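Okay, so here's the structure we're looking at.
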Amino acid sequence: MTVPAVVVAASGGGSNLQAIIDAIAAGSLNLRIALVISDQPSCGAVQRAIIHAIPVCAIPYPRRATAAQRIAWEEQAMSVVHCFAPDLILLSGFMRILSSETLSQTSVPMLNQHPALLPDDGGDDVVLPDGRVIPALRGAHVVRDALTRGLTVTGCTIHRVVPQVDRGPVIARATVEIDPADTEATLHARIRLVEQRLLLDTLHQRVW
Ligand code: GAR
């Protein structure tokens, strides 16, 4: 069986990247990380790639990027990504929104990890398995938003990337109960543990 090549795009600590690295090393995931690409040269994900001798490309993203700089960054990044001929591009804590032009120029499947629950229909509500309805949280601060809104449950979602941000078809999701004593850090730490399992299952089943 061929070993799929994945490019991981990351901006943060890279705990999900590490989960993939560890699963491949343990023989429980038949995958090859072809490249780690980042907009944050000093982030943890880049360091993890270096430590594990994974090809890495970090292109600093300009502060207050203009539209032209944003397009230039995406063109550079995607030209590098395509050199590695990936079967999958995984946005794993990648904190940039790719333009619809860039998305339309790649035929490689692209998945995003989102640290909150998203619905199947791209709508504004999520119906939980027990019938409770909670708001779909979108954007860059959804762990904080779950606490601010006083939710008692949140979770994580893996979805296909489409031009409409955080609205692509859902591949998998899992719930995480919120403890009244949770801070953003403690809640996100628990979400990360759940989403790592969800990610490894998704990659193992090759549903992309
Ligand atoms: C994950 O929780 C992921 O869902 C989230 O960033 C974290 C990355 O953690 N993604 C987003 O917020 C995308 N908008 P990690 O760097 O430890 O893997």
Side-chain angles (χ1 to χ4, degrees), residues 6-25 29 31 33 35-52 54 56-58 61 70 74 77 88-99 102-103 110-119 122 126 135-149 151 153-178 182-203 208:
V6 60
V7 167
V8 179
S11 310
S15 66
N16 285 280
L17 170 67
Q18 189 67 52
I20 301 172
I21 293 170
D22 293 345
I24 293 171
L29 184 61
L31 201 77
I33 303 176
L35 172 73
V36 170
I37 189 147
S38 181
D39 58 321
Q40 299 290 336
S42 57
C43 76
V46 166
Q47 296 307 312
R48 292 178 199 267
I50 292 168
I51 288 167
H52 293 278
I54 295 166
V56 59
C57 172
Y61 204 93
R70 177 181 164 189
E74 292 185 10
L88 172 70
I89 299 169
L90 172 69
L91 308 186
S92 184
F94 180 67
M95 301 308 283
R96 303 288 166 192
I97 294 169
L98 295 172
S99 65
T102 293
L103 294 178
M110 198 180 292
L111 299 183
N112 180 50
Q113 289 186 265
H114 183 73
L117 294 170
L118 294 172
V126 179
L137 303 177
R138 296 186 171 92
H141 306 290
V142 294
V143 179
R144 189 188 313 164
D145 294 344
L147 293 170
T148 308
R149 287 177 173 238
L151 302 186
V153 63
T154 184
C156 50
T157 305
I158 297 173
H159 65 91
R160 294 204 174 89
V161 176
V162 297
Q164 297 76 24
V165 178
D166 297 336
R167 286 181 198 271
V170 171
I171 301 278
R173 69 171 84 75
T175 56
V176 175
E177 297 294 326
I178 298 177
D182 264 328
T183 63
E184 185 177 352
T186 61
L187 178 56
H188 204 162
R190 281 208 317 289
I191 292 172
R192 280 191 174 90
L193 291 179
V194 173
E195 67 181 344
Q196 288 162 20
R197 286 199 300 272
L198 198 66
L199 175 64
L200 295 182
D201 281 352
T202 300
L203 295 177
W208 56 70

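Bear in mind the structure is a predicted one, so any value in this text is a computation, not a measurement. Both ligands and their constituent atoms are indexed starting at 1 by order of listing.
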Task: Every residue of the protein that comes under 4.0 Å of ligand 1, judged on heavy atoms - done: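 Near ligand 1, by chain and number: G12, G13, G14, S15, N16, G93, M95, Q113, H114, P115, H188, R192, E195.
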Open item on the list: For the backbone of Q40 and the side chain of S38, can you confirm whether one donor and one acceptor N or O come within less than 3.5 Å of each other?
Closed with: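 Confirmed, S38 side chain pairs with Q40 backbone.
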Open item on the list: Looking at T102 and L98, would you say the former's side chain and the latter's main chain have a donor-acceptor pair under 3.5 Å?
Closed with: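 Judged by distance alone, no pair lies under 3.5 Å.
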TODO: Sequence neighbours left out, what pairs pass salt bridge (charged side-chain N to carboxylate O under 4.0 Å, His left out) with at least one residue falling in residues 39-51?
DONE: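 Only D39-R96 qualify under salt bridge (charged side-chain N to carboxylate O under 4.0 Å, His left out).
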Task: Inter- and intrachain pairs under salt bridge (charged side-chain N to carboxylate O under 4.0 Å, His left out), touching residues 164-174, at least two apart - done: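 Sorted pair list: D120-R173, D124-R167.
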Task: salt bridge (charged side-chain N to carboxylate O under 4.0 Å, His left out) partners for R144, two or more places apart - done: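 Once residues adjacent in sequence are excluded, the partners of R144 under the salt bridge (charged side-chain N to carboxylate O under 4.0 Å, His left out) criterion are E184.
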Task: Note: D182-R190 ion pair, threshold 4.0 Å (strictly below) - done: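 Salt bridge: yes.
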